Amino acid sequence: MKEYAQKDILITGGAGFIGSHVVRRFVETYEGYHIHNLDALTYAGNLENLRDIEAAPNYSFIKGDISDTDYINQLFSQKGFDGVIHLAAESHVDRSITDPLSFVKTNVLGTVNLLNASLDLAKRNPDFRFYHISTDEVYGALGNTGLFAETTPYAPNSPYSASKAGSDHFVRAYGETYGLPYVISNCSNNYGPNHFPEKLIPLFINNIIHNKPLPVYGDGNYTRDWLYVKDHAAAIDLVFHKGKKGETYNIGGFNEWKNIDLVRLLCQLMDAKLNRAEGSSEKLITFVKDRPGHDLRYAIDAAKIHKELGWEPSVTFEEGLDLTIDWYLKNQEWLDHVTSGDYKAYYQKQYQQ
Ligand code: NAD
Ligand code: DAU
């Protein structure tokens with residue numbers, strides 16, 4: 001068996017938003033680990049996110065699709081990973097409404113493929129661990145009060161959250177049925193560098209830069225709990241190493257914002273950064289047709305991970321937003337690259353409807 005410090009760790013979805021921050025953290029922190037980043041490079045995956053670490057001796061990229069059963073079985077028997085941190089997914093709720101099957105394929109079938117391929121490795125290595133990165137959306141919607149706890153019953157409302165709930169259930173079932181050592185975490189809305197500009201914060205930053213409308217769904221009175229992506233990566237590191245086998249941990253920012261208030265704050269910050277007249281970005285706000293099945297409010301009770309593993313967010317929302325806006329202003333080339341191709345075609349089609 002390999003020593004603790006010499007492990008082959010598979011991270012799936014490492015070319016995406018959160019995955020790239022997790023890959024970087026692991027490559028830079030654990031020199032003895034070899035980090036294998038498996039990613040299909042869909043519209044959301046971009047190797048530019050990892051340019052700074054791609055030459056590291058303890059990092060390799062593998063282009064591959066987790067929904068391809070034979071491929072995954074072959075890869076696992078060749079590489080003999082010591083642990084899996086699984087982030088690869090179709091992640092955008094709006095896309096799940098127009099194309100649910102892609103979400104079933106990647107999020108459900110892809111996860112079950114990884115679980116099946118992990119069984120043999122877990123039999124041979126008592127330290128093997130399967131870690132599924134999941135979302136608070138599996139719990140459904142909250143009213144104006146209350147928080148999601150780890151014990152909150154699942155009640156997913158979108159095809160995306162149903163597919164993530166399904167994959168969580170499969171992970172748990174593989175633990176109960178086959179004894180696969182697993183851990184799951186369910187996190188709230190992330191924001192930060194490398195976030196694909198179809199999600200609220202990066203989309204609106206990009207639109208403000210280009211003086212385009214800011215499409216607020218419905219009346220904007222929907223609430224999300226926002227967490228800086230590097231704080232999520234830190235939590236993932238802790239849960240992978242210290243989380244108890246067979247447990248679930250909720251991760252959140254203790255940071256609830258109504259969409260419309262968040263958008264107004266973003267507009268003010270962007271006006272200041274871009275030296276535009278106060279109030280000019282707010283004029284871009286356009287209320288549009290609501291998202292079907294739109295969850296009213298998400299809010300995480302992150303007491304368990306705080307109490308058991310000592311995790312808490314390291315940056316305030318003000319600091320995190322400042323860092324995020326600065327990153328997007330400095331990386332407009334990245335924005336231009338990722339908004340060409342498939343993304344553009346998808347949104348042009350959406351806008352025509
Ligand atoms: P993302 O869309 O930015 O990245 C997903 C990555 O997975 C991309 O690099 C993509 O190429 C890859 N991928 C997609 N289908 C694949 C397939 N079939 N095979 C291999 N790779 C594939 O997503 P994200 O926002 O970074 O989310 C990462 C994970 O965290 C997801 O599982 C998501 O459900 C979960 N999560 C996200 C948030 C959030 O706020 N973004 C919050 C909680 C949980
Ligand atoms: O809660 C965790 C989840 O957060 C993750 O599991 C998902 O992968 C991630 O995409 C995110 O889901 P949301 O649907 O909450 O994120 P999104 O950025 O799409 O939307 C945030 C809120 O803003 C939501 O209430 C819908 C609204 N919205 C979104 C967009 C893209 C708008 O009003 N206008 C928009 O154009």
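Order of listing sets the numbers, starting from 1, for every ligand and every atom in it. Throughout, residue positions are numbered sequentially from 1 according to the sequence presented. Computed from a predicted structure; not experimentally measured.
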Answer yes or no on whether Arg291 is positioned over the face of Tyr217, meaning its NZ or CZ is under 6.0 Å from the six-membered ring centre and within 45° of the axis.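 Judged by the rule, Arg291 and Tyr217 form no cation-pi pair.
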Are Arg95 and Tyr43 in a cation-pi setup, meaning NZ or CZ lies under 6.0 angstrom from the ring centre and within 45 degrees of the ring axis?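 Yes, a cation-pi geometry.
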Nearest neighbour in protein (non-hydrogen) for [atom]:
| atom | result |
| --- | --- |
| atom 32 (O) of ligand 1 | Lys164 NZ, 2.6 Å |
| atom 18 (N) of ligand 1 | Asp65 OD1, 2.8 Å |
| atom 4 (O) of ligand 1 | Gly16 CA, 3.5 Å |
| atom 42 (C) of ligand 1 | Ser188 O, 3.3 Å |
| atom 27 (O) of ligand 1 | Ile18 CD1, 3.8 Å |
| atom 5 (C) of ligand 1 | Ala89 O, 3.4 Å |
| atom 1 (P) of ligand 1 | Ser91 OG, 3.6 Å |
| atom 31 (C) of ligand 1 | Leu87 O, 3.2 Å |

Answer with side chain, backbone, both or neither: which part of [X] has a heavy atom less than 4.0 angstrom from an atom of ligand 2?
| X | result |
| --- | --- |
| Asn189 | both |
| Leu203 | side chain |
| Glu198 | backbone |

Any nitrogen or oxygen of [X], main chain or side chain, under 3.5 Å from a nitrogen or oxygen of ligand 1?
| X | value |
| --- | --- |
| Thr106 | yes |
| Asn189 | no |
| Thr42 | yes |
| Cys187 | no |
| Ala40 | yes |

Please state which part of Tyr160 comes within less than 4.0 Å of ligand 1, counting heavy atoms only: side chain, backbone, both or neither.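 It is the side chain that gets close, since no backbone atom is under 4.0 Å.
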Which is closest to atom 19 (N) of ligand 1 by heavy-atom distance: Ile66, Leu109, Val229, Ile300?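 Looking at heavy atoms only, the winner is Ile66.
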Any idea which atoms of ligand 1 are less than 4.0 Å away from a heavy-atom of Leu41?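 In order of number, 11 (O).
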Do Leu200 and ligand 2 have an N or O pair less than 3.5 Å apart?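 The answer is yes, given that Leu200 and ligand 2 share an N or O pair closer than 3.5 Å.
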Consider only side-chain N and O atoms of Ser185 and Tyr131, and report whether a donor and an acceptor are under 3.5 Å apart.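 Side-chain D/A pair, Ser185 to Tyr131: present.
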Between Asn157 and Asp295: side-chain donor-acceptor atoms closer than 3.5 Å: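 Indeed, the side chains of Asn157 and Asp295 share at least one donor-acceptor pair under 3.5 Å.
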Can you tell whether the side chains of Lys79 and Asp8 come within less than 4.0 Å, N to carboxylate O?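 No.
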Hey, are Glu48 and Arg51 close enough for a salt bridge, meaning a charged N less than 4.0 Å from a carboxylate O?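 Between Arg51 and Glu48 there is no salt bridge, as every charged N stays at least 4.0 Å from the carboxylate O atoms.
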Taking the ring of [Y] and the ring of [X], is the distance between their centroids below 6.0 Å?
| X | Y | answer |
| --- | --- | --- |
| Tyr191 | Phe317 | yes |
| His34 | Phe81 | no |
| His86 | Tyr182 | no |

Could you tell me whether the side chain of Asn250 and the main chain of Ala302 form a donor-acceptor pair under 3.5 Å?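 Flag not set: sc Asn250 to bb Ala302 has no pair under 3.5 Å.
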If you look only at pairs with a residue in residues 134-169, which of them pass as a ring-ring contact (aromatic ring centres under 6.0 Å, His included), with sequence neighbours excluded?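 Passing the test, one end in residues 134-169: Tyr139-Phe148, Tyr139-Tyr154, Tyr154-His169.
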